[in-house]
Amino acid sequence: MGTGKIYAQLRVLKSQNKSGFAVLADPDKIAPAEMQYLARLCNDAKVDYLFMGGSLLMAHQMELCIQRFKTESDIPVVLFPGSPAQVTPYADALLYLSLLSSRNADLLIGQHVASAPIVKASGLEVISTGYILIDGGVQTTVSYMSNSMPIPADKPEIALCTAWAGELQGKHIIYMDAGSGARRPISTDMISRVSSHLDIPLIIGGGITSPEKVYDNCKAGANLIVVGNAIERDPLLIKDMAQATREARRLVER
Ligand code: 1GP
């Protein structure tokens, strides 16, 4: 079981049936000079985490982006890496992803073996993550790059069994993702089916574009909502989306 601070926070959210909110920044789509503005928006909205990473990075500016963000914010930076090359000690934590929806041995264990020395030496909080791709109605970069098929959106039982397998293997969290820019986000039906039968925290992302959808996902049992694309298009959504998670938390407290 993980013992780090960020994982402990996620466990608390799970045990209280609550949700947090994370902004995903893709270092290919944001300039280092824009990170301070993003940090101020995240501070004002009391965002829980900044996720950093991308399925395929062309520009080598992730470390600079993180450094710039950290000049303005104490919000923890969590790496959500598309490859071992994206592991950097400038962040606070690392989602150590195993792509459970694939049958691609390299993404289940191969890259982990190759990157283990870097990860061990990084000093990062390592959060063992069962990563599950759900069909979002469009082929995503991660699906193409991983050479794997996502789980069909109307098969919650496959998603649940895959999440269970991850839990039984000792993963600390499950991340169900419809993929960046998904046309259809994961249904609340699938989220509640998986969340209600899982003892470890559940992260949900992919194709979430409105505060209403954030709120509905929280109510369905997501413990952390991750939004990237919609915020790239309209950074002012951060405030309303973070507010939506707080409103859902208040619902639980009532
Ligand atoms: C993708 O879950 C993240 O891996 C976020 O997706 O960019 O569509 O919000 P979006």
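Every number for a ligand or one of its atoms is a count from 1 in the order of the listing. Values reported hereafter were calculated over all heavy atoms of this structure, with side chains retained and with hydrogens, waters and symmetry mates removed. Please read all numbers here as calculations on a predicted model, not as lab measurements.
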Can you list the atoms of ligand 1 that are under 4.0 Å from a heavy atom of [X]?
{"X": "F80", "value": "4 (O)"}
{"X": "Y175", "value": "2 (O), 3 (C)"}
{"X": "V227", "value": "9 (O)"}
{"X": "N229", "value": "7 (O), 8 (O), 9 (O), 10 (P)"}
{"X": "G205", "value": "2 (O)"}

Got an N/O contact under 3.5 Å between [X] and ligand 1?
{"X": "G181", "result": "yes"}
{"X": "G206", "result": "yes"}
{"X": "G228", "result": "yes"}

Check whether the ring centres of F80 and Y131 lie less than 6.0 Å apart, and answer yes or no.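 Distance test on ring centres: under 6.0 Å, yes.
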
Ion pair present between [X] and [Y], side-chain N to carboxylate O less than 4.0 angstrom?
{"X": "E34", "Y": "R68", "answer": "no"}
{"X": "R249", "Y": "D48", "answer": "yes"}
{"X": "D92", "Y": "K70", "answer": "yes"}

Would a 4.5 Å heavy-atom cut-off, applied to side chains only, mark M241 and Y215 as touching?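 A side-chain contact under 4.5 Å is absent here.
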
Is there a side-chain contact between D177 and I132, using heavy atoms and a 4.5 Å cut-off?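 D177 does not reach I132 side chain to side chain.
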
Hey, any chance M52 and V119 share a hydrophobic cluster, counting ILVMFWY side chains that come within less than 4.5 Å of each other, even indirectly?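 Looking at the clustering, V119 is in the same group as M52.
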
Is the backbone N or O of H197 less than 3.5 Å from a side-chain atom of W164, with the two atoms forming a donor-acceptor pair by type?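 Yes: the side chain of W164 pairs with the backbone of H197.
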
Mark the output for A230 as yes if a heavy-atom distance to ligand 1 is under 4.0 Å, and as no if none is.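 Judged by the 4.0 Å heavy-atom criterion, A230 does not count as contacting ligand 1.
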
contact_flag F51 ligand 1 heavy-atom lt 4.0 Å: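 For ligand 1, residue contact (heavy atoms, under 4.0 Å) with F51 is absent.
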
Heavy atom of the protein closest to atom 1 (C) of ligand 1 (residue, atom name, distance):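 Answer, as residue, atom name and distance: D177 OD2, 3.4 Å.
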
